[in-house]
Amino acid sequence: MTDTPALEQPYDPALVEPRWYAFWESHGVFAASDAPADARPVYVVPMPPPNVTGSLHMGHALMTTLEDVLVRWHRMRGFNTLWQPGTDHAGIATQTVVERLLAREGKTRHDLGRDAFVARVWQWRRETGDRIHLQQRVLGASPDWARTKFTMDEDMSRAVTEAFVRLHEQGLMYRATRLINWCPECRTALSDLEVDSEEGASGELFEFAYEVEGGGEIVVATTRPETMLGDTAIAVHPDDPRYTALHGKRVKHPFTGRTFPIVTDAILVDPTFGTGAVKVTPAHDFNDFATGKRHGLEEINVLNLDGTMNEHAGRFAGMDRKEARRAVKRALEEKGLARGTKPHVLTLPRCQRSGGVVEPMISTQWFLKMKGMADAALDAVRSGKTRILPAEWTKTYDHFLENIQDWCVSRQLWWGHPIPAWHHPDGRIVVARERPADLGPEWAQDPDVLDTWFSSALWPFSTLGWPEKTPALARFYPASDLETGYDILFFWVARMMMFGLHFMGDVPFRRVLLHGLVVDETGDKMSKVKGNVIDPLDLVHGTTFAKMVPDADAMAKFKKAYPSAAAMGTGFPAFGADAVRFTLATYPPSNKRIALAPRRIEGNRHFLNKIWNATRLALELLGEGYTWTDAPAPEGFVNRWIRSRFASACAAAHAGLDAFRIDEAATAAYRFFWYDLCDWYLELVKPVLRPQADGAFARPAEVAETRATLATVLEGSLRLMHPLLPFITEELWQRAPRPASRGASVALAPFPGPDAERAALAPEIEAWMATLQEIVSAGRTVRSEHDVDKKAEVAMAVRSDDAEVAAFVRAHAGDVRLLVKTRGLPAVEGRGGAREAGTAVSVIASQRGPIEVLVGLKGLVEKDAELARIDREVKKLDKDLAALDKKLASPGFVDRAPPEVVEEARRQREALAAGKTRLEEARVLAAEL
RNA sequence: AGGCGCGUAGCUCAGUGGUAGAGCACUACCUUGACACGGUAGGGGUCGGAGGUUCGAAACCUCUCGCGCCUACCA
């Protein structure tokens, strides 16, 4: 970067953030190396491939942020870091998108034909398929883009074929005719996982009678009357006395004239529900299907693949499901067989993609045996080869794999990986990597494609070149961390585990890190229907609410979902990517719900402004032309203190990042920078690094040491915060003095881990500084409570009977003077001396005995205010004393609690009591004002 | 029905055995030579409820209420 504009104030992310992305890419910051000579340890994160149809939403922004933080952190720690990017082809979703485009031209995919349609999808994908990656760049994501993969790429497709063929050879992939979930709208089979259940749907329970041969009737109930056309039995409970007489009899179907048996089944029938008699439709209900197998019942499919009734429905053939339902009910009524309806709450199975009601349907599909692979995946987690964080998810993972069903992998779509199987009209099937040359023209390739998740399950190794034995595969498998939302634990994580173990013989990753769902501020899931969706880029670039929502109604919904945004005026300002990232990073990732509060982003945006301005000040204090000097460890108190605090912050940040508690790392950095560096350190070094009133400077050695420390801590802070705030830290780091050994970018500089900083830890110094801060705070409180003009200087004295305290305060009297704004240096005295009238007293209950802070207010003191202040302090002390007294008086505490805890409590009590005595004296004095 | 999670200051959230914390919001004062996107000081919580374990519980156990999610089932 040659173009370095002035540090404009205030900070404007829009001027800074666009400057750095191309810089990082051109310096190869993101590149992983599979060179055999590269001896660095590796850190690998396979990025969950977003749908190629996708546009960045909050979930992507969260995923991108968390992973980028981990990845940048490792990169700075010297790891050969691969963050593997890419997209998946999203079979149904993508096909639907393109079909919708065709519909606008008045065409269907059938008008084009399969080849032309697939070509059209590819064209669409070339035009818009990279959008989400471009959006991730805005957020500062740092994957190795050169390795970007798409699940339909030629090499990726080869891996899919190879996997299918091997599974078939091993007898795990098989073709079978059974009941599957069918979405009539998408006209494809679905796996169990792709069916969502809509709970609490209100429907009705329709009762009707079957005539029993030989006289009488039996009444059954159903929520789907149209399925009675496929009924092949009535089941009753064997022990139900109401129906004993009917066992073994047959009933007659009112429309088809078929007859079928009344069977007894204790598994299917709950005699207390409904009439206790159940119609059995093996071809259209999972329980009935199982019942049919138990009793050898006929399976009559009455539905076409598009959801209309087929020829088995007799006079109802051709009708749509819903139409048929009404017609069947009417017909039963006409025949006098209807027995009324009752309202009924049921759960509707819905297609995850289309939302249509899923129909169980008998169909021939490809299935994958899961049991063996599932057992291996269970073992891998039980034995600790892969660790799931947060660990609570392990149970869910186990439960899923322990109860897993075979996976229906074929889909009746055009867009996807073709199934490498060829069918002969006589029913023979050949599975092969390529169409065998000796197959005659009568052999046709299987028209179906594979479930998109099949290719996703190969992701951790197919992206690295599998089945070839590439250097990348050797180096980067298994991955280190797999980070994703808990909602795809089954869809993706479990399946990758199974395929990784099966094909690679090792787990696909060492840790699984699961984050929660980003929801609105009130805790509701974001959805278009609810009108509470926020586009992450709108937060980055800013927008008006009017642009985000179509009308007043939607605006009302939106503001209800985001109360804190409602108070923000007409829209979001441009918070910038750093602020959005940082905010997402401050929520514990493991929270199941991450309630996005726009106000929090605003607060963090202010933090960036603080960093910006603090750096401006630091650079000013260092002086123009200051160059980095490698200095020995500082000796000065304040310099040692800030180094110690920085070391603590580094340790906390490292620990947080290591444990996937990124929020703790963010908090540690935030607190250090603002509360230690800005609030205290920068204030304390100003007089050292600026000319005094008389034009003189502090001692040269002190100046040099302080400059070196300031430069060290500034540069270190920027490195510490870089994984969280890549843009602003790069901008400032480029301007900050730094060692010549550093590379071109802060992204390649070493992360200030606990080891590098440990030597600077100085708990003693931190404790003394805390005392100094309390003294200063006490003085400031008195000033504030008495409305002392901020420009006025006040006389101040610090009284303590402890020689070390006295010496310490004497040594730092200049700091106290500066921070409290006293007239001359504060006096340091022993306790108990006389006090001038008009003196306010505050007492610090330190472990070295009470420290009194006396502030001379002269005419400024207000009796009432002073009494009120003292009363408040006494009240606080009393509360603390009461708690301690209770503890010390309770039987058992003194005997049973650890001695050091008891001792500590006694010391505290003593300190508080002494403090209270001092305050009471002060109260008497104040009363005489 | 089972599993998981949540319930802490007005709001969003930290806090896994030793006297309750942060940000934002709120009150007062302050435009001081980094920053008003700021400073200083201050107010505000019987940690959903009940019981138990413990010298000591926001934290551990049991029960309970409310909310959310997941899995299964629902003729």
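Computation of the quantities below employed the complete heavy-atom set of this structure, encompassing side-chain atoms and omitting hydrogens, waters and symmetry-equivalent molecules. Letters A, B, ... are given to chains in the order of the sequence lines, protein chains preceding strands, and every chain is numbered from 1. Worth saying up front: this structure is predicted, and the values here are computed from it rather than measured.
Trp674(A) and Phe607(A) have parallel rings, their planes meeting at less than 30° on a 0 to 90° scale where 60° marks the start of perpendicular.
Aromatic ring centroids of Tyr675(A) and Phe673(A) lie 6.0 Å or more apart.
The CG-P distance, from Asn591(A) to G68(B), rounds to 17 Å in whole Å. Note: OH (Tyr397(A)) to C1' (C70(B)) measures 17 Å, nearest angstrom. Rounded to a whole Å, the NE2 atom of His344(A) is 11 Å from the C1' atom of C73(B). Distance, Glu402(A) CD to A72(B) C1': 15 Å, rounded to whole Å. Atom OH of Tyr670(A) is separated from atom P of C13(B) by 17 Å (rounded to the nearest Å). Atoms CZ (Phe572(A)) and C1' (C37(B)) sit 17 Å apart, rounded to a whole Å. At whole-Å resolution of the value, NZ in Lys879(A) and C1' in G43(B) are 13 Å apart. Rounded to an integer number of Å, the gap from CG of Asp895(A) to C1' of U54(B) is 14 Å.
Note on Arg616(A) versus Glu620(A): no salt bridge recorded, every NZ/NE/NH1/NH2 to OD/OE distance being 4.0 Å or above. Salt-bridge formation is detected for the pair Asp240(A)/Arg242(A): a Lys NZ or Arg NE/NH1/NH2 atom is positioned less than 4.0 Å from an Asp or Glu carboxylate oxygen. Arg339(A) and Glu217(A) are joined by a salt bridge, as a carboxylate oxygen and a charged side-chain nitrogen come within less than 4.0 angstrom of each other. Under 4.0 Å is where a charged nitrogen must lie from a carboxylate oxygen, and between Arg907(A) and Glu904(A) at least one such pair does. Under the 4.0 Å criterion applied to side-chain N and carboxylate O atoms, Glu683(A) and Lys686(A) are assigned as salt-bridge partners. Salt-bridge formation is detected for the pair Arg224(A)/Asp285(A): a Lys NZ or Arg NE/NH1/NH2 atom is positioned less than 4.0 Å from an Asp or Glu carboxylate oxygen.
Note on Ala277(A): a base of the nucleic acid sits closer than 4.0 angstrom, heavy atoms only. Using a 4.0 Å heavy-atom criterion, one finds that Tyr675(A) contacts the sugar-phosphate atoms exclusively. Residue Ala897(A) is in base contact, counting any heavy-atom pair closer than 4.0 Å across all strands shown. No contact: Arg909(A) has no heavy atom under 4.0 Å from any strand. At a threshold of 4.0 angstrom between heavy atoms, the contacts of Glu683(A) include nucleobase atoms, whether or not backbone atoms are also involved. Residue Phe607(A) is classed as having no contact, given no heavy-atom separation below 4.0 Å to the nucleic acid. Backbone-only engagement by Leu205(A) is indicated by non-hydrogen atom pairs under 4.0 Å involving sugar-phosphate atoms exclusively. Contacts of Ser564(A) with the nucleic acid, taken as non-hydrogen atoms under 4.0 Å apart, are absent. Contact annotation for Glu207(A): no contact, since no heavy-atom pair falls under 4.0 Å across all strands. When heavy atoms are screened at a 4.0 angstrom cut-off, Thr586(A) is found touching no nucleic acid atom at all. Using a 4.0 Å heavy-atom criterion, one finds that Arg671(A) contacts the sugar-phosphate atoms exclusively. If you check every strand for non-hydrogen atoms under 4.0 Å, Arg616(A) touches sugar and phosphate atoms only. Among the protein residues, Pro563(A) comes within range of no part of the nucleic acid, since none of its heavy atoms lies under 4.0 Å from any strand. Residue contacts for Glu602(A): at a heavy-atom cut-off of 4.0 Å it reaches no nucleic acid atom on any strand shown.
Checking the phosphate oxygens (OP1, OP2) of C69(B), no side-chain nitrogen or oxygen of Trp393(A) falls inside 4.0 Å. An OP1 or OP2 oxygen of G15(B) is reached within less than 4.0 angstrom by a side-chain nitrogen or oxygen of Arg661(A). Side-chain nitrogen and oxygen atoms of Ser777(A) include at least one within less than 4.0 Å of the OP1 or OP2 phosphate oxygen of A41(B). Proximity of His606(A) to the phosphate of G38(B): a side-chain N or O atom is located under 4.0 Å from OP1 or OP2. For the OP1/OP2 pair of A36(B) and a distance below 4.0 Å, the side-chain nitrogens and oxygens of Asn613(A) include no atom meeting the criterion. The side chain of Thr781(A) contributes an N or O atom lying less than 4.0 Å from OP1 or OP2 of G42(B). The side chain of Lys610(A) contributes no N or O atom lying less than 4.0 Å from OP1 or OP2 of C35(B). For Tyr486(A) and G3(B), the shortest distance from a side-chain N or O to OP1 or OP2 is not below 4.0 Å. A sub-4.0 Å separation between OP1 or OP2 of G43(B) and a side-chain N or O of Arg872(A) is present.
For the atom pair Lys560(A) NZ and Asn532(A) CG, the distance stands at 11.5 Å (nearest 0.5 Å).
With C37(B), U12(B), G18(B) as the choices, the nucleotide that has an atom nearest any side-chain atom of Pro10(A) turns out to be C37(B). Among the nucleotides U19(B), C70(B), C24(B), the one closest to any side-chain atom of Asp880(A) is U19(B). For Pro588(A), the side-chain atoms get nearest to C13(B) when compared with the rest of C13(B), G5(B), A41(B). In this structure, of U32(B), A14(B), G3(B), it is G3(B) that holds the atom nearest to the side chain of Lys395(A). With distances taken from any side-chain atom of Lys525(A) to the nucleotides C4(B), G18(B), C70(B), the minimum falls on C70(B). Checked against U71(B), U32(B), U19(B), the side chain of His399(A) finds its nearest nucleotide in U71(B). Relative to the side chain of Asn609(A), the nucleotides C73(B), C35(B), U12(B) differ in distance, and C35(B) lies closest.
Judged by distance alone with a 3.5 Å cut-off, a donor-acceptor contact links the side chain of Lys592(A) to the base of C4(B). For Arg600(A) against C24(B), no side-chain N or O and base N or O form a donor-acceptor pair under 3.5 Å.
Pair assignment for G43(B): none, as no Watson-Crick or G-U wobble contacts are both less than 3.5 Å. Partner assigned to A50(B) is U62(B), using Watson-Crick or G-U wobble distances below 3.5 angstrom. A14(B) is unpaired under the criterion used here, namely a Watson-Crick or G-U wobble arrangement in which both key atom distances are under 3.5 Å. With a cut-off of 3.5 Å on both pairing distances, G33(B) has no Watson-Crick or G-U wobble partner at all. For G56(B), there is no paired base (Watson-Crick or G-U wobble, both distances below 3.5 Å). C67(B) is paired with G5(B) under the criterion used here, namely a Watson-Crick or G-U wobble arrangement in which both key atom distances are under 3.5 Å.
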